[in-house]
S.K.: 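Below you will find the structure I want to go over with you.
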Amino acid sequence: MNSTNNVDFLKSLVEEKYKVNKTEVIDQYQISFEVEQVEVHRLLSELKLEGWKQLSYLSAIDWIDENEFEMVYIVFNWDRPVHVQIRTRIDRDKPVMNSIMPIFEGCKYYEREAHEMFGIKFPGNPDHEKQLVLEEWDDMPPLRKDFDPQAYSDRKFPVREYNNDFVELNGKKSKQKDRLKRAERIEQVGKRGNK
Amino acid sequence: MESTKYTQPVALSKKQVDRKWWEIGDFFRRNSLWMLMYCTGCCAIELPPAMTSAYDMERLGMGPMATPRQADVLLVTGYLSLKTLRRLIYTYEQMSEPKYVVGFGSCTINGGIYHDSHAVINQLDQYIPVDSYVAGCMPNTEAVMNGFVDLIELIKNKKANGWKNYHTNNAWYKKNQIDALGEVRIKDEFHQ
Amino acid sequence: MELSIEIFILATLAFGLMAYVIGRLHKQLGSIMTILGSLTIFGGIAYLGFTGGLTGETAYLTFTQFEISEFGLFFAIIVSFVFAMVSFFNPFFIKQYKYPALYSMLFMFSLAGAIGVFFSSNLLYLFFFFEFVVWTSLFLIPMGRSKKAASWYYGFSAAGSFMLLFAILMIYNANNGSFHISGIGSVTGTTQIIVFIFMSGAAFTKLGAFPLHIWLPKVLTNAPDPVSAVFSGGLEKLGAFVALLAIVNMGGIGFIIPSIDMYFGQMIIATLGALTIVFGTLMAIRQDDAKKLLAYSSMSNGGYILVGFSMLTSQGVAGGLYHIVAHAIASTAAFLAIAAVARVAGTTKMKELGGIIHKMPVTYMVYLIAIISMAGIPPMGGFISKWMIFQAVIDKGMIFIAIATVFGSIGSFLYVFRPLAALFLGQELPQFKKTVKEAPFFMLLPMIILSLLSVYTGVLPGVIIDFINKIFVDMQLNYNIVMNGFAIEGYTSGIEGVGPSLLNPLLIACVFGVGVFVAFLIFIVLKKSKKIDLMDTYTAGNFVYTEEHLHYSVDFYAPLERLYEKYIHIMKNFYKSLANKVREFGAFMKYFFFTNKPEITVFWIVALMVFLLWGDVL
Amino acid sequence: MSAILLIAVPLLAAFISILVKKVSPYLLLLVSLFALVYPFFMDMSDVIIGGFDSPIGINLVVNKFALTSLIAVNGLFFLVVAVNIAQYKKLSSILLVALAGLNGLLLTGDLFNLFVFIEISGIAAYLITTTNKKPLQTFNYLVAGTVGSSLYLLGLIILYNMSGTLNMADMATFVEGNGMYTLFPFLLMFIGLGVEAKLLPFNSWVKGILGHSNNLSGAMIASVYATAIALVFGKLLAGVFQIEGTLALIIALVLGITILAGEAMAYASTKAREILLYSSIAQAGIVILLFTVGLGAWATFFAIANGVSKFILFGVVNRLTEEVGSDEMDQLKGSFVNNKLIGVSFTVAALSILGLPLFFGFVVKMNSLIGFFEPDFVSNLPGGNFIFPIIILVASVIEGVYFVKLLTKLWYKDSDVKVNFTPLFKYVVVVLAVALIVFGLFQGEVEELVASLINPGGVFIWN
Amino acid sequence: MIEILMNIGFGLGVATFGFVLQTAMGGINRKIAARLQKRRGPKWYQEFIDIFKLLSKRATSHGWIFDFGVIMALGGIIGTAMFMPITSSIVAFEGYDNFFIFVYLIAVGMLGMAMSASGSGNPLASIGVMRALTTMLAYEVPFMVVVMTIIKLTGTSSLTGIAVAQQTGDFNWFMIALPLGFIVAVMSLMGMLGKKPFETYIAPAEIASGPMVEYGGKQLGMLFIMHEITIFIEVSLFVHLFLGGAETIIMFLIKYFIVYAVLNLVSNVLGRFKIDQVVTFFFKWPLFFAVVQAMIAIHLGWVI
């Protein structure tokens, strides 16, 4: 029961029954499938029957360019040590994904965190709307790509103003000015980079 | 040089007597500074070397104490996220007067490497009065010891009255706190 | 002026009947009658007792004979004082009872019975009053929470008093037909041993000592609050009275154990007393109900009295007697304080109470003084008696009894402190902020008197020590407690050049006072501290807003209780199985003999015939 | 004014009452009142019947003991009749016969005559128990009763064959001489009377009869008949019987087991009537024990005290079961809450049985126990002087526990059913309760009464 | 009357002497411990500075019971210290220094502190008090058995009497005379002082310094004074009972220093027991040794 045929077993198991958009074997212990949003629940329950009882993680990836979220479910089987990642693409504007509470009870807090960080709604999970980590948060969900922490920080937290009185100190020219110019340049590159 | 001729002792006013008592109190206060064992951030790793044999904080009369009621010095070691800041303010208000705050590391000075994060405040001074800072991103132990000696000097020269400022311009501090944190004492599902 | 004790007994009965009659018309008036009655009785006995005005002849109750003895007076004054103090509480609790008028009457009747026991010189009529107390107090119990406690109480008390009766009849047989109380001393040989066993059995049941203690916690918890105060303060002293007669009056029983020069009988009583102390303390520590805790504490203090008496030295017996006084006052005060809290808060469970001190400070001070005396801490009376008992135990060199007494006294710190911390101090629970208010004046009065008395007995023991010396003279015991100045002379070891160890309670109190004054000075000189609310406490940075989370009262001594949790139900299960055996025996006999078929009778007739003729004719 | 009237008048009245039906209850009342009052002023001489003097002829023994027992039994009889006459009119003739039988039982000095009166009173008893509407139980009672009396007759025949006389006094003198031979007949007679006196192995009928008793039969059997039989049996045991050797052992065993088992059975049962009947078995055992041991004087008063208390207890419990429907303790709970007077007298009766102070029971129990511990007392039962007092004390502890359980249930729970008692019954019960208290308080007078039953030497005068 | 006042004055002197002595000893021992760890350690008078600093701070109070308890605690302990004999001749109240007074008056102090701690409304304080009382139950029983053996042997329960008995030679020091008893007494003393193995009730890591959670400023200062005087009482009790008291003050100081230093060093090395381990520990070996010692000494009379 070495790990290679585990991966083949999985591939055969999933690809026959489900329309798999993309499969990727990261290494002998990790495999990821991308399936349609509708089939996720059936696939997860089948994997669970096969032995993948543990829901290791549930989160989302924000593809802002394609205006989509990618939900990622990682399940793990203790007998056949393979991490299976189930990925689906859901719409970004109205992100709704049915909760997998009936299959994996443990997803309650993951879904709550996903809602808090990405704003994805999970009907079926009773308290997914509640606040989990962020206290008194008054802005858009922070892990969305279009959220700018720098702006938030500047807006909320005053920055210490330094007075440049010690430009010339006992004869040596202060390097303060070129330091500021370099910081400015880095910032520009940072902003342009992700456009 | 003052003259050494004997002069009639002049009766001190009530205020002056209190002043004298306060100076004596300062001597005791600066020679037995108890720090509160509350390591808020990553600079706290610098405290054990300060206590052990190389630098020995105890010879300055400083030792760790468990509760804010007993402690004099609040060491703010490292970055301060919003949640930690709320607890820090609550603890600071529980400490008995006169109390001092020492800011460790650049995160308390100008936000340090987390200056652009949405969760970390950039300047501790806005929220609670800080008496002395120790610069450096993870300041060296000598720097930490210097910070303590600076604090002792400040107390000696009667300049370490951050706790007085907290009383005098309390409104300003409170406003800053509300701006940054929204509300210091939160009431939610986890805090009935 | 001369008055016969019989007048007092009849007066109490008359007060009882009056209380009943008035009680039928108006509840409150009936209970006020009990206050007047018990106060006059206590005043009369105390005043006449001290001025020697009490006489023993009987004009109306001709069948009984009374004799005014010092130790009878000692007990009568204590018990009537306890009754008087507790009666102040009756008017406030009368509304809760099903039969208020009957309650007032039986309250007075049990007082009359108790006085009768202490003064009667004819043993049979000592038993008459003993039984009278049993059934009058029996009907007081079910007026409280549970009904089963009454049958437990009657089962044990009946067993105890019938043991006493058997002993009395044995004495009657041995002294060819005389019931006089001095007959106890003049019994010899095996009858003496039998009488000793049965009388100490009776004492054990009434005191609630180790083997026969099951009823005490059940009754004191479930009886109405004033009744449990009367039980633990007053009626338990009947057991002490019988113990005094059995252990001390009869002198040593059995052979003398050379190494600790104690009689074998007294040794057994001492070990059982020590077991009572340890068992009472261990059980008291784990109780959650304050009344049950105090019940076990009075059981453990009963153990101290037994250990004190069984030493048969002047220190020991005097310690036992002094402990009766100190314990009566302290446990009555403690019970009354808990009753005052229960009246207002509705429950005595420590889980549900907290922070009562903020609304009932005086009750708190009374309870504090009571537990200081119960734990045996210096300025109060309990310390002197425990000091004397320790001296006696050391003088005898009994190690295991010493361990038990020390364990008991230190353990008493633990269990007396539990209600203090869980019930009075700690966070003030919101539901009690509105309902709880300080007890009315007439409830505070007896409590304050009791606390002043326990302070008095702790600081100036002179009066009680003289009284105890008079008792020793009256009982022809060659014991004596020497008092030089204000100090009590303790244990003189007879090693030359070494004086007796002195205890000067007045000096201790003064020094304690000076210490407190110095501390108060230090406190006043320094800066005034800022008053802050109880909820503003160090919670390691967490924001906690509900009082229940910050009040520590459930399972107060959890680590200690875990150590002996498995062994606590042994005695209770033993008695339950005993009761079941009797029931099974009855059921079997019923099943076997009472079937509808008459042939059973015919079978037995034939069987008896065969059995009879077995030897001779066949 | 001889004592024979006590038997003759009731018989005559019984005969008349059959003829004139509608006047019979008043006749019954009148005659039982007469039977109660007459003993006070009839003369104390023995009555010879039919001219033959004592060893041959039948004579009625009238002495202090007979007088007290007559007053007691007739008093209880009158009370039972007075209270229940309204309900059981048609039984009056049988009751008259019963009255005659009981009086004969107590008076007769002749052993065969005793058998005759046992039969008469027994038959009246069977007829009274028919009112329980439990034919099987009455049949059992009939069988057991007849077996008992015929055994008694068999023993008597053997004795008569040996001694040649039927008179009790002569029989007593004859038995002194040759005790050895009289063991077997005495055992027979003991068993015979034991059935009626409810001793353990022979009393299987008691549960059926008293378990389902009603107002009349309960009080009649439990108090009147029990007292009468106990007193007669006691008279025989104290005077006639010669108890030693294995007979003594058997009697000791039977009595000991009866007392302890009676209490245990009462403790084990949950029905109110069952508790009372087992307690009366135990009380009967104690009374018989006191008579055999030789403490006859106090035994009589013990029986009378028990009779009075049982009258109150059974009367009240039967009335309650009639209203509530079942006599299960839980159903009866709280029934004294709304009729306190009955409750108080019930409690007084119960405490008097327990032997608690202030009540007649205490005086009786204490003095009988003291009797055991008299310095010069020797009991003819095996097992020394101290076994039986211990048994009595242990029994009274068990008795105390179940009575207290009963009392707390009756007093301190709340009940829904409102039970009302007839004013006459209330009046009678209260008078008896007051009597119990009065006798309990004035112990001096009670002692004089008892002293009259003992001759200076301390021996109980039975004839 | 004057004589009594003189004695009380003398007693107060003894109490202050005790406080000063113990605070100095505390500072010195902190320096010794530091030097063992190759660091300079605080000034020897550091403890004085700590206490006076606390007294100079502005404290917070949770109500009258919170303050009354502290006053009663300090008062009780000062009262106990006034009875303590320094040497067999210097004692405030001649003949009244009975052993039981010390055990029970310390209890007043403990009760006062316990009362005000649980009055402060902090659950950690109540848990600390519970642990303190449980530990007291544990270490007190073996100690009392050993002391009872001593009282039985010497015939008197007054400390000066016991010290004189050891000095004048009819017993040599009970350290030697009752070896097992001495070991038990050392363990109990460590329990009494609240030194490291039995420090469950001031466990800074678990329950944030136990009963002293809510104290700051002057209340904490007063409790520190009380703590110092309590240590003085317990150590000098130990010295009088086991090391034969002292003829002169210097002897007393030396013995006092040795006992306290040794205990301090031992405790610096050890970790901390859990609370039920403390109870089971004391009721296993120490109690067994105490009983064996008592048996041997009293009934068999073998005293070295």
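We name chains A, B, ... by the order of the sequence lines, and we start the count at 1 in each one.
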S.K.: Any side-chain heavy atom of E:F93 within less than 4.5 Å of one from C:V511?
M.R.: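 In contact.
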S.K.: Could you look at E:H62 and say if it's the side chain, the backbone, both or neither that has a heavy atom under 4.5 Å from chain C?
M.R.: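 Answer is both: backbone and side chain atoms of E:H62 are under 4.5 Å from chain C.
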S.K.: As an exercise: rank E:N7, E:I275, E:T149, E:D67 by heavy-atom pairs under 4.5 Å with chain C and give me the winner.
M.R.: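 Option with the greatest count: E:D67.
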S.K.: Check each atom of E:M144 against the heavy atoms of chain C and say whether the ones under 4.5 Å are side chain, backbone, both or neither.
M.R.: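 Side chain of E:M144 only, per the 4.5 Å heavy-atom cut-off to chain C.
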S.K.: Count the heavy-atom pairs under 4.5 Å between each of C:L420, C:L503, C:L368 and chain E, then report the option with the highest count.
M.R.: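 So the answer, after comparing C:L420, C:L503, C:L368, is C:L368.
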S.K.: Please look at C:F517 and chain E and tell me whether the side chain, the backbone, both or neither of the residue comes under 4.5 angstrom of a heavy atom of that chain.
M.R.: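 No part of it gets close to chain E.
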S.K.: Kindly check if the number of other-residue, nucleotide or ligand heavy atoms within 6.0 Å of NZ (C:K433) is above 12?
M.R.: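 Result for NZ/C:K433: enclosed.
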S.K.: By a 4.5 Å heavy-atom criterion (distance strictly below it), what part of E:V164 contacts chain C: side chain, backbone, both, or neither?
M.R.: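 For E:V164, no heavy atom lies under 4.5 Å from chain C.
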S.K.: Can you tell me which portion of C:M398 sits under 4.5 Å from chain E's heavy atoms? Options are side chain, backbone, both or neither.
M.R.: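 Contact with chain E is absent: no heavy atom of C:M398 under 4.5 Å.
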S.K.: Side chains of E:Q219 and C:S529: closer than 4.5 Å at any heavy-atom pair?
M.R.: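 SC-SC contact between E:Q219 and C:S529 confirmed.
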S.K.: For E:M110, is it the side chain, the backbone, both or neither that has a heavy atom under 4.5 Å from a heavy atom of chain C?
M.R.: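 Neither part.
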S.K.: If contact means a heavy atom pair closer than 4.5 Å, which residues of residues 384-392 of chain C contact chain E?
M.R.: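 From residues 384-392 of chain C, the residues near chain E are C:W387, C:F390, C:Q391.
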S.K.: Measuring heavy-atom distances to chain C, does E:K57 have an atom under 4.5 Å in its side chain, in its backbone, in both, or in neither?
M.R.: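 Just the backbone, heavy atoms under 4.5 Å.
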S.K.: Residue by residue, scan residues 355-364 of chain C and write down, ordered by number, those that have a heavy-atom distance under 4.5 Å to chain E; if none do, write 'none'.
M.R.: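 Hits under 4.5 Å: C:I357, C:P361, C:Y364.
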S.K.: Go through the steps to decide whether E:F143 and C:V406 satisfy the test side-chain contact (heavy atoms from CB on, under 4.5 Å), and finish with yes or no.
M.R.: CA-CA 10 Å; E:F143 186 67; C:V406 164; over 6 Å; no
S.K.: What verdict does the side-chain contact (heavy atoms from CB on, under 4.5 Å) test give for E:I78 and C:V514, after you've listed the backbone C-alpha separation in whole Å, the side-chain angles of each residue and the deciding distance to 0.1 Å?
M.R.: CA-CA 8 Å; E:I78 290 172; C:V514 164; over 6 Å; no
S.K.: For residues C:L507 and E:F83, determine if any side-chain heavy atom of one lies less than 4.5 Å from a side-chain heavy atom of the other.
M.R.: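 Yes; the side chains approach each other to less than 4.5 Å.
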S.K.: Heavy-atom distance under 4.5 Å to chain C: side chain of E:V213, backbone, both or neither?
M.R.: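 Side chain only.
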S.K.: What part of E:L300 lies closer than 4.5 angstrom to a heavy atom of chain C: side chain, backbone, both or neither?
M.R.: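 For E:L300, no heavy atom lies under 4.5 Å from chain C.
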S.K.: Most heavy-atom pairs under 4.5 angstrom with chain C, which of E:A114, E:G217, E:S56, E:G161?
M.R.: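 When all of E:A114, E:G217, E:S56, E:G161 are compared, E:A114 has the most.
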S.K.: Nearest 0.5 Å please: distance from the CD1 atom of C:I508 over to the CD1 atom of E:I101.
M.R.: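 The CD1 atom of E:I101 is 4.0 Å from CD1 of C:I508, to the nearest 0.5 Å.
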S.K.: Does any heavy atom of chain C fall under 4.5 Å from the side chain of E:I8, the backbone, both, or neither of them?
M.R.: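 Contact with chain C involves the side chain of E:I8 alone.
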S.K.: Atom CZ of residue position E:F283 - does it have more than 12 heavy atoms of other residues, nucleotides or ligands inside 6.0 Å?
M.R.: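 It does: E:F283 CZ has more than 12 such atoms within range.
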S.K.: Determine the minimum heavy-atom distance between E:E214 and C:D536, stating which atoms define it.
M.R.: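 For E:E214 versus C:D536, the nearest heavy atoms are OE1-O, 4.3 Å.
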S.K.: Once ring-ring contact (aromatic ring centres under 6.0 Å, His included) is applied, what residue pairs with a partner in residues 101-122 of chain E remain, sequence neighbours excluded?
M.R.: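 Every pair satisfying ring-ring contact (aromatic ring centres under 6.0 Å, His included) with a residue in residues 101-122 of chain E: C:F383-E:Y104.
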S.K.: Do you know which two heavy atoms are closest between E:M72 and C:I372, and how far apart they sit?
M.R.: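 What the structure gives for the nearest pair is CE-CD1, 4.1 Å.
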S.K.: Relative to chain C, which of E:T156, E:N98, E:V141 shows the most heavy atom pairs under 4.5 Å?
M.R.: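 That would be E:N98.
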S.K.: So which of E:S158, E:S118, E:G79, E:G63 has the biggest tally of heavy-atom pairs under 4.5 Å with chain C?
M.R.: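 Ranked by heavy-atom pairs under 4.5 Å with chain C, first place is E:S118.
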S.K.: Say you draw a straight line from CG of C:L526 to CE of E:M222; how long is it, rounded to the nearest 0.5 Å?
M.R.: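 With rounding to 0.5 Å, CG (C:L526) is 8.0 Å from CE (E:M222).
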S.K.: Counting heavy-atom pairs closer than 4.5 Å to chain C, which one of E:V103, E:I298, E:I77, E:I151 comes out on top?
M.R.: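 Among the listed options, the one with the most contacts to chain C is E:I151.
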S.K.: If you take all heavy atoms of E:K152 and C:D395, which pair is closest and at what distance?
M.R.: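 Closest approach of E:K152 to C:D395: NZ-O, 2.7 Å.
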S.K.: Is it the backbone or the side chain of E:A208 that comes under 4.5 Å from a heavy atom of chain C, or both, or neither?
M.R.: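 The side chain, not the backbone.
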S.K.: For the pair C:Y552 and E:M130, evaluate side-chain contact (heavy atoms from CB on, under 4.5 Å) and give the outcome as yes or no after the intermediate values.
M.R.: CA-CA 10 Å; C:Y552 178 65; E:M130 179 273 284; 3.5 Å; yes
S.K.: Once rounded to the nearest 0.5 Å, what's the spacing between atom CD1 of C:I522 and atom CG of E:L55?
M.R.: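 If I round to the nearest 0.5 Å, the distance is 7.5 Å.
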S.K.: Looking at C:Y538, is its backbone amide N or carbonyl O close enough to the side chain of E:N122 to form a donor-acceptor pair, meaning the two atoms are under 3.5 Å apart?
M.R.: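 Pair found, side chain donor or acceptor close to backbone of C:Y538.
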S.K.: Side chain, backbone, both or neither: which part of C:R562 has a heavy atom under 4.5 Å from chain E?
M.R.: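 Side chain of C:R562 only, per the 4.5 Å heavy-atom cut-off to chain E.
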S.K.: Where does C:F417 contact chain E at under 4.5 Å (heavy atoms): side chain, backbone, both or neither?
M.R.: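 Contact with chain E: side chain only.
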S.K.: If you draw a 6.0 Å radius around CZ in C:F486, do more than 12 non-hydrogen atoms from other residues or ligands fall strictly inside?
M.R.: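 Counting other residues, nucleotides and ligands, CZ of C:F486 stays at 12 neighbours or fewer.
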S.K.: So which of C:G426, C:P378, C:P379 has the biggest tally of heavy-atom pairs under 4.5 Å with chain E?
M.R.: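 Of the options given, most contacts go to C:P378.
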S.K.: Under a 4.5 Å heavy-atom cutoff, which of E:L74, E:V70, E:T80 has the most pairs with chain C?
M.R.: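 Greatest number of close heavy-atom pairs with chain C: E:L74.
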S.K.: What heavy-atom pair brings C:V516 and E:I71 nearest, and what distance separates the two atoms?
M.R.: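 Result for this residue pair: O-CG2, 3.8 Å.
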S.K.: So what's closer than 4.5 Å to chain C heavy atoms on E:M136: side chain, backbone, both or neither?
M.R.: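 Both parts, heavy atoms under 4.5 Å.
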S.K.: Pick one of side chain, backbone, both or neither for C:I532, based on which atoms fall under 4.5 Å of a heavy atom in chain E.
M.R.: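 When you check distances to chain E, atoms from both the backbone and side chain of C:I532 fall under 4.5 Å.
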S.K.: Do you know which two heavy atoms are closest between E:S120 and C:T537, and how far apart they sit?
M.R.: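 Of all heavy-atom pairs spanning E:S120 and C:T537, the closest is O-CG2, 3.8 Å.
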S.K.: First locate atom CD1 of C:I401, then atom CE of E:M148, and finally report the distance between them rounded to the nearest 0.5 Å.
M.R.: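 The distance works out to 11.5 Å.
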S.K.: I'd like to check C:I399 versus E:V145 (side-chain heavy atoms, cut-off strictly below 4.5 Å). Are they in contact?
M.R.: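 In contact.
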S.K.: Is there a side-chain contact between E:V279 and C:L563 (heavy atoms, below 4.5 Å)?
M.R.: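 Side-chain contact under 4.5 Å: yes.
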S.K.: Kindly check if the number of other-residue, nucleotide or ligand heavy atoms within 6.0 Å of CE (C:M483) is above 12?
M.R.: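 It does: C:M483 CE has more than 12 such atoms within range.
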S.K.: Which pairs, with at least one residue in residues 523-532 of chain C and sequence neighbours excluded, count as a salt bridge (charged side-chain N to carboxylate O under 4.0 Å, His left out)?
M.R.: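 Every pair satisfying salt bridge (charged side-chain N to carboxylate O under 4.0 Å, His left out) with a residue in residues 523-532 of chain C: there are none.
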S.K.: Quick one: what part of C:A375 sits under 4.5 Å from any heavy atom of chain E, side chain, backbone, both or neither?
M.R.: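 The backbone, not the side chain.
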S.K.: Please round to the nearest 0.5 Å and tell me the distance separating atom CZ of C:F556 and atom CD1 of E:I127.
M.R.: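 Here the interatomic distance stands at 9.0 Å.
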S.K.: C:L534 versus chain E, heavy atoms under 4.5 Å apart: side chain, backbone, both or neither?
M.R.: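 Both parts, backbone and side chain.
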S.K.: Can you say whether E:L12 sits under 4.5 Å from chain C via the side chain, the backbone, both, or neither, judging by heavy atoms?
M.R.: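 Contact with chain C: side chain only.
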S.K.: Could you please spell out the steps behind the side-chain contact (heavy atoms from CB on, under 4.5 Å) verdict for E:F100 and C:I394?
M.R.: CA-CA 12 Å; E:F100 294 107; C:I394 300 168; 3.4 Å; yes
S.K.: Restricting to non-hydrogen atoms, name the atom on E:P123 and the atom on C:L550 that form the minimum distance, rounded to 0.1 Å.
M.R.: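 What the structure gives for the nearest pair is CD-O, 3.4 Å.
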S.K.: Relative to chain C, which segment of E:M295 carries a heavy atom at a distance below 4.5 Å: side chain, backbone, both, or neither?
M.R.: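 Contact with chain C is through both the backbone and side chain of E:M295.
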